[in-house]
Each structure stands twice: as structure tokens, then as C-alpha cells.
Amino acid sequence: MGLSYDWNREIATCNPKYYRWEQLIFLQMLKKGLVYRKETTVNWCVDCKTVLAREQVIDGACWRCDQPVQPRTMHGWFFKITDYAEELLQGLDTLTGWPEKVVTMQRNWIGKSQGMSCDFPVENSNEKITIFTTRPDTIFGVTFMSLAVEHPLIDALIRGKEQENEVRSFIEETLIEKQRATVDQEPEKHGSFTGAYCINPFTGERVPIYVANFVLMEYGTGAVMAVPAHDERDFEFARKYNLPIRPVVQPEGVTLKADIMQEASLEPGVLIDSGDFTGMDSEKAKKAIIEFAEQKKFGGPHITYRLRDWGISRQRYWGAPIPIIYCDKCGIQPVPEDQLPVILPGADDPDGPHAPLHQQEDFIATTCPTCGGPARRETDTMDTFVESSWYFARYTSPRNEQAPLDTEAASYWLPVDQYIGGVEHAILHLLYSRFFTRVLRDLGYLNIDEPFSNLLTQGMVIKDGSKMSKSKGNVVDPSELIDKYGADTTRLFSLFAAPPERDLEWNAQGVDGSSRFLNKVYRLIIANESCFSVDASADIAALDTVNGGLYRKTHQTIGRVTDSIENNFHFNTAISAVMELVNQINTVTTKDSKTSISPFVLKFSLETCLLLLFPMVPHFCEEMWEYTGHATVLDKTTWPDFDPQAAREEKITVVIQVNGKVRSRIEAGADIDNLQMEELAMTDERTLQFLKGKKPKKIIVVKGKLVNIVV
RNA sequence: GCCCGGAUGGCGGAACUGGUAGACGCAAGGGACUUAAAAUCCCUCGGCACUUGCGGCUGUGCGAGUUCGAUUCUCGCUCCGGGCACCA
């Protein structure tokens, strides 16, 4: 296809020369407290036999193999991306070169919520339950408390109570249900009373504590103050278990009554039955209530993010091994930096052992770096998204043997001016890379905050109803088209089909047109070969209509093509602009051959075609450039200059409307003023017919464009 | 359910900040050249109708509105695509 890559900078992320640095970065992050290990419920892909990060689960299925994922409890390593949540959010505002769509998706993914945290003391106990809420204004409407089944306090709450067995079996059932749950359906809400109560610090009221299947341990605190009157989920739960519903925010013009409410009221309004806060506007009340909690030291303002830490453990037989050693005596030990890289077994041997690492005893057995005793290696490998999170930075010093990055080189090249990728990475790769850039900055390797200044998200190519992708295998091999038409026609055709950001249903119909077009350019050059040997100049001002018109059209085309490419990579319109120019050259050299075509203008226009088409059609243009006797190659020739003066039309078409409908078009000089335009319109015969002698009420003149006569 | 996009001829797609809708190309039909074919060139190509005329009406998913004028702006729908989804 004639793509130009600098192979001197080639890197392979599966090569130990690359991932040794990744392992080093891991260790440095570990030292900085940005890596930790924990046991959680993870997304397990049955087919890939590995854990997946949350953003790698698409519609409940693995992003890679499309198989459904299941929850599973296991240990894994995590990157503390949440430490950077606020910065990643703030940074979005600086990404002016990114599509708004991607910025919005990331903003939603980070999911910042501002609200209040508040402690509810447990009755007859020293424990307290901390909740997070975005609706502190509804705190007087709390009628029960819901805990996630995984909440650590449950055990203490139920021990010895008559409800103990019931709650325990409820938790067990819920956990099993969660394992089975498919993502597309929310299970019905269930709960179980713990027998325990906590105290609403604002009212002093006893609040019954429930365990509920819909409360997420991973978000907020795993405990929710339930306000059924003002929260849909609490409402549903309250109705099911006959718990009281107490409205405390009255929206304007509505009177909420607990017994007749059909659904929770989410509207803002005025507080009722809310102690000292009664009568306050709900927005104001939010602030006042948070302040009150802060003063009394049982709560305060709090921010929660939806973003979770990035689970990077994978159980695949590929990826960079996580450089950790487990010693029975010394515990978890980082692999000393001078022992890096930890090499992935069998990676360089395609027929080698391709079992997951935990099945490879040779790999696992090692010695403890601290005590020298027998120890075991970590068998998880890193998510391959880790590798793609910093490769662009490694390109700036690809052979560096001393460090992952050469800060000086990285400062010179980064951030990446223009990044191109599919929208499917809007969150995954593009968020990880933004995170990693900051981590590398804080580790002292980079001095930028954002990796990519400008982002173009290209559309997907659809084939047979689903997106064309390597992993799906429904790709169209361009070599078929290349064999038949050549690489340039194939390039031209693909670029002409649609603007790059749009999805495109693949269809090779139309490729003939691109082929025909290049042939036409070729024929024009051959037929007018002689003009290239003439070293003529011309007095532009003295050109006749035909030559002057072509000269002008050529400059207009330079302007349009430059604009289309620079502005938004709309090669399709760039190409059609050149097509127009070529059509005009064709007309002028065949039809108008009676008038003498200036060799200078002809040469200029044909050369411009080659220059403008060069990015799209490099081989052909370079060949023609040489053929037409140029000493230097096109590749080293500068882009043509756009001269707006030369592109200016001498004549314009004045559109005349009567009551907004186009009735006539009149040619006029480009410098015509508004008064002249009006005069032109009012004396135009066709226009007068439509006026039928009526007096114009109003005449609107748009300079150089149109006259609208209202009668 | 919520948040983003999008909808223009038979098709892919143009139309700058409201100002000539359909650029450019494909497909289709007709014609020229040719013994024939390919290639090339010319013409037609949104719809409607009593088309005498270089003409008229209508038309950018649907319905309203703002405006002298709306593919473009506002409101309300329909359909399609994408993202999120018990996030308290």
C-alpha cells in the first residue's frame, strides 16, 4: 500500500527488551504504592481462562473472544488508577483536539459524584456504618439502611441474633445468584433484616439495618441510607417489604403522600418534616446538611468516583510476567531490578510449552531474593493493555538499554501530535495511556500530562453486518484489489469512500471510478506532454477567460484540498476537488482546443494535480513527476502555496428570490455592491414577472450572494 | 431507563459561521466511435403532473415553531448506531 514507517524505531512489546522495562515500571510503581494485590470478585472469561478488567467486558462478554464472562473470587494485582481519577477528569478539559464524544465517554466512566459521607452509629455497639449519598437533603426521609452482602460489619451485627441463620443463608444465596447473573438483566430486589438498628444522627431515630442484594460493595462504602420516597430502588424495596415511605422534599406544585405515591420523586423542591432544615430549598439544604454533619463531626463533604482500580493480572500464557516472588518466610517479594527481565517461558519457541504459567513448574520454582530459600514466582502475566499504554513513548528512544525512556528524546517528540484509532478504544487504551503518562511523569521519565494532543477516531469498517477486525477474521485483504488495480487505486478508492470518522459498510463497487480517474490524469499528461518542456511564464492578468478560469480553478483547488486535509482529514472531499479540476482541464484541452491553451497555465494545473494527489496516490504521482521532467522527487517538493487572490472569482452568480423562492440567477462582477445588486434584481425581466407589479415590502441583500424580494 | 451521535437521490457521499440542496463518484438508461468488444466521449438521471416553452409545484426521517429565507437554529416524536446500566 506504500505506507511509510520508520522501521528503525520498530519495537515489539512481546520482546523481553521491551517488557523488561515494563517490569521495572511495575516495580517502581509498587514502591510508590501504585500497585497492590487484593482478593476480589473478578470477571472471568471461561474461554480465555483469564481475568478481565471491568472495561474489557463488553455487554457481559469478553472483548477479545466474545464469550460471556463470569464473576469469580480470586487474588490479583491492581494499578491504582483511582489515585489519578481527579487528574484524569480535569485533564479532559485540556483535550481540545479530541472528539467531544470520547471526552464525554471518559468523563462518564470516571463518574465523579459529589455528596456527603455520614456515620450512622450502630445501636448498642461501638461500631458505626458509614454511608455515601448524593442526596443529603433527603436524610430526614431515611427509613432503613441497606448493606451489601459483602459488607464487613454484617457478621458483628447478626452474631447471636435470631435472624443470624436467615441472614447467612440469604447472603449465601445472593452470592450464588451473583455468580449466575447475566449482565443484561437486573435481578429482582431482595433483602433480609439483620435484627440490628442504627441511629440516624440527624433525627436520633432507630433505623432498621437490612442486607440487600442490590447494594454494591465496590461503590461508595457498601452501605446505603435508604430513602424510599426519593430513590427508585429504595422505593421498590420498601414496597416489597412494607417499610415506611417518608417524603421530605416537596417539588413545586405537587403534594407527595406516602400511601399514594406510585414511584419515588427525584425532583428538587422544598424540604418538609426535616427539623431545622424544613422550608429550605433542596439545593441549599444539601450544603447546610453537609455543613451540619461536619460541625458535629459525624460526616462531611465527600466525593466518590465510579472508576475502579485497574486489575492487570491475567492468567494467559502470554504477556509480561509480573515480577514478584512469593516466599513462605519473607512473604511477597519484588524481583530485584538487576534480575530483570523475568522471561516468559516458551515465548520465542512457537512449538514450546504454551500452558498457563501456573502449570509450568520450571518457571515457578525460584529462590527468595531476601532469604535465599526456595520460593515461587508469580504466575500471572500483565494485561497486554499495559504494554500499549506506553509504547508511543518508547518509540522516542526504542533502543535505549539504560532506561525505559530517554526523557530528553521523549520531551522532544511527545505529546503525539496526531493519534488515530478506533472508537472502541475510547475508554480502554486511551484512558490507560493517559494514566500511564502521568505515572511515568511522576516516576521522572516524562514531563507531559497528556499523551495525545489530537485524536481522530476512525469509524469502523463493517463487513457482513459486523465490524471488520483481525480478531473476528472478517477482514478484506486489499491484495485482491491491489492485484487488479494497483496500490494507488486501492488507496484512492478507500479514501474517497467516506470521511474517516464515519462507519463504512465495505463495498468494492466504485473502485472502477477511481481507476478511471487516475487513467484520465495519465492520459491528460501524456496528451499534453509538450507543455512540460516549455519554460514559459505568463502575465496572469492578461489571460483570456479560458486560461484565466483554469488558473483560478487551480488555486481554488489548492485551497480546498489543503483545507480538507489539514482541517479534518476529509480526503474524500479533497479528492473530489481534484476531480473537478481534472474535469476542467479535460474540458479545456479537448473542447476549447480552438482557443490556444497557455502552456504555462496547463503545466501549472497539471503539476498542481500531481502535488495535491501525492499524499493519496504517491506511486503514480511520483512516476508522473519524473516523467514530466522534474529533477527533484515529489517527496522532497513543497506543498503548493494557496493564493486567495488568485482563487477569487471575477464573476459571481447573484441569486434572486421572490418570497424566499429562487426565481432567477444573474451573472455579475464580483465587486458588485448591495445597491447595485438590488437594482439588478429589480430590473431583471424574469424577476419582474414574478413580482406581477406588486410593490416590494422588503428587500434583503446578502452581499455577493443573493437578493430576496418580499412582496 | 440515562448519556452521546446519526437520518440528504437507486448507492457512497457534498453543502463554509442560516442564503442557489444533491458537488464528486458509483450504478442505471440512451447515444457516438468500432466489423465487434474493450477503452473513450456525449446526453439523461429526487419526485409529481395538463410538462408546448430556456417552465411549474414539491422535496434533506415525521410534526410544529423562529426567520424575508431552515439540510443547518428551537421544541416534540419515529427509527438506526454507540456508550453506560441497581454507581446510592
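Note on naming: letters A, B, ... go to the chains in the order of the sequence lines (proteins, then strands), and numbering restarts at 1 for each one.
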Work out how far the P atom of B/rG19 is from that of B/rU71, and round it to whole angstrom. 10 Å

Can you pull the ring pair (Phe, Tyr, Trp, His ring centres under 6.0 Å) pairs that have at least one residue in residues 488-527 of chain A, sequence neighbours excluded? A/Phe493-A/Trp506

Output one line per pair: protein atom, nucleotide atom from nucleotides 78-83 of chain B, and distance, for all N/O pairs under 3.5 Å.
none

For B/rG9, decide between syn and anti, treating a glycosidic angle within 90° of 0 as syn. syn

Tell me every residue that passes side chain to side chain donor-acceptor pair (under 3.5 Å) with A/Asp684, counting only those two or more places apart in sequence or in another chain. A/Ser664, A/Thr687

Residue set satisfying ring pair (Phe, Tyr, Trp, His ring centres under 6.0 Å) with A/Phe385, at least two apart, ordered chain then number -> A/Trp63, A/Tyr432

Symbol by symbol from the 5' end, with Watson-Crick or G-U pairs under 3.5 Å, [ ] crossing and | another strand, RNA chain B is (((((((..(((......[....))).(((((.......))))).(((.......)))..(((((..]....))))))))))))....

Name each donor-acceptor pair under 3.5 Å that joins a side chain in residues 695-709 of chain A to protein atoms two or more places apart or in another chain, with its distance.
{"residue": "A/Lys703", "atom": "NZ", "partner": "A/Ile672", "partner atom": "O", "Å": "3.3"}
{"residue": "A/Asn708", "atom": "OD1", "partner": "A/Gly660", "partner atom": "N", "Å": "3.0"}

Considering non-hydrogen atoms only, spot the tightest contact between A/Leu504 and A/Ala498 and give its length. CD1-CB, 3.8 Å

Heavy atoms within less than 4.0 Å of RNA chain B: which residues of residues 129-144 of chain A have one? Give them sorted by number. A/Phe132, A/Thr133, A/Thr134

Can you list everything that forms a ring pair (Phe, Tyr, Trp, His ring centres under 6.0 Å) with A/Phe132? Sequence neighbours excluded, please. A/His302

Close N/O contacts between protein and nucleotides 66-76 of chain B (under 3.5 Å):
{"residue": "B/rC68", "atom": "OP1", "partner": "A/Lys698", "partner atom": "NZ", "Å": "3.1"}
{"residue": "B/rC68", "atom": "O2'", "partner": "A/Asn708", "partner atom": "ND2", "Å": "3.4"}
{"residue": "B/rC68", "atom": "O2", "partner": "A/Asn708", "partner atom": "ND2", "Å": "2.4"}

Measure all distances between protein nitrogen or oxygen atoms and nitrogen or oxygen atoms of nucleotides 22-25 of chain B, and list the pairs falling under 3.5 Å.
{"residue": "B/rA23", "atom": "O2'", "partner": "A/Glu580", "partner atom": "OE2", "Å": "2.7"}
{"residue": "B/rG25", "atom": "OP1", "partner": "A/Asn583", "partner atom": "ND2", "Å": "3.2"}

Per the salt bridge (Lys or Arg N to Asp or Glu O under 4.0 Å) rule, what does the pair list look like for residues 573-583 of chain A, sequence neighbours excluded? A/Lys553-A/Glu580, A/Arg560-A/Glu580

Atom pairs, protein N/O to nucleotides 56-60 of chain B N/O, distance under 3.5 Å:
{"residue": "B/rC57", "atom": "OP1", "partner": "A/Arg663", "partner atom": "NH2", "Å": "3.1"}
{"residue": "B/rC57", "atom": "OP2", "partner": "A/Arg663", "partner atom": "NH1", "Å": "3.1"}
{"residue": "B/rU58", "atom": "OP2", "partner": "A/Lys661", "partner atom": "NZ", "Å": "3.2"}

Nearest heavy-atom pair of A/Ser282 and A/Val249: which atoms, and what distance? CB-CG1, 4.2 Å

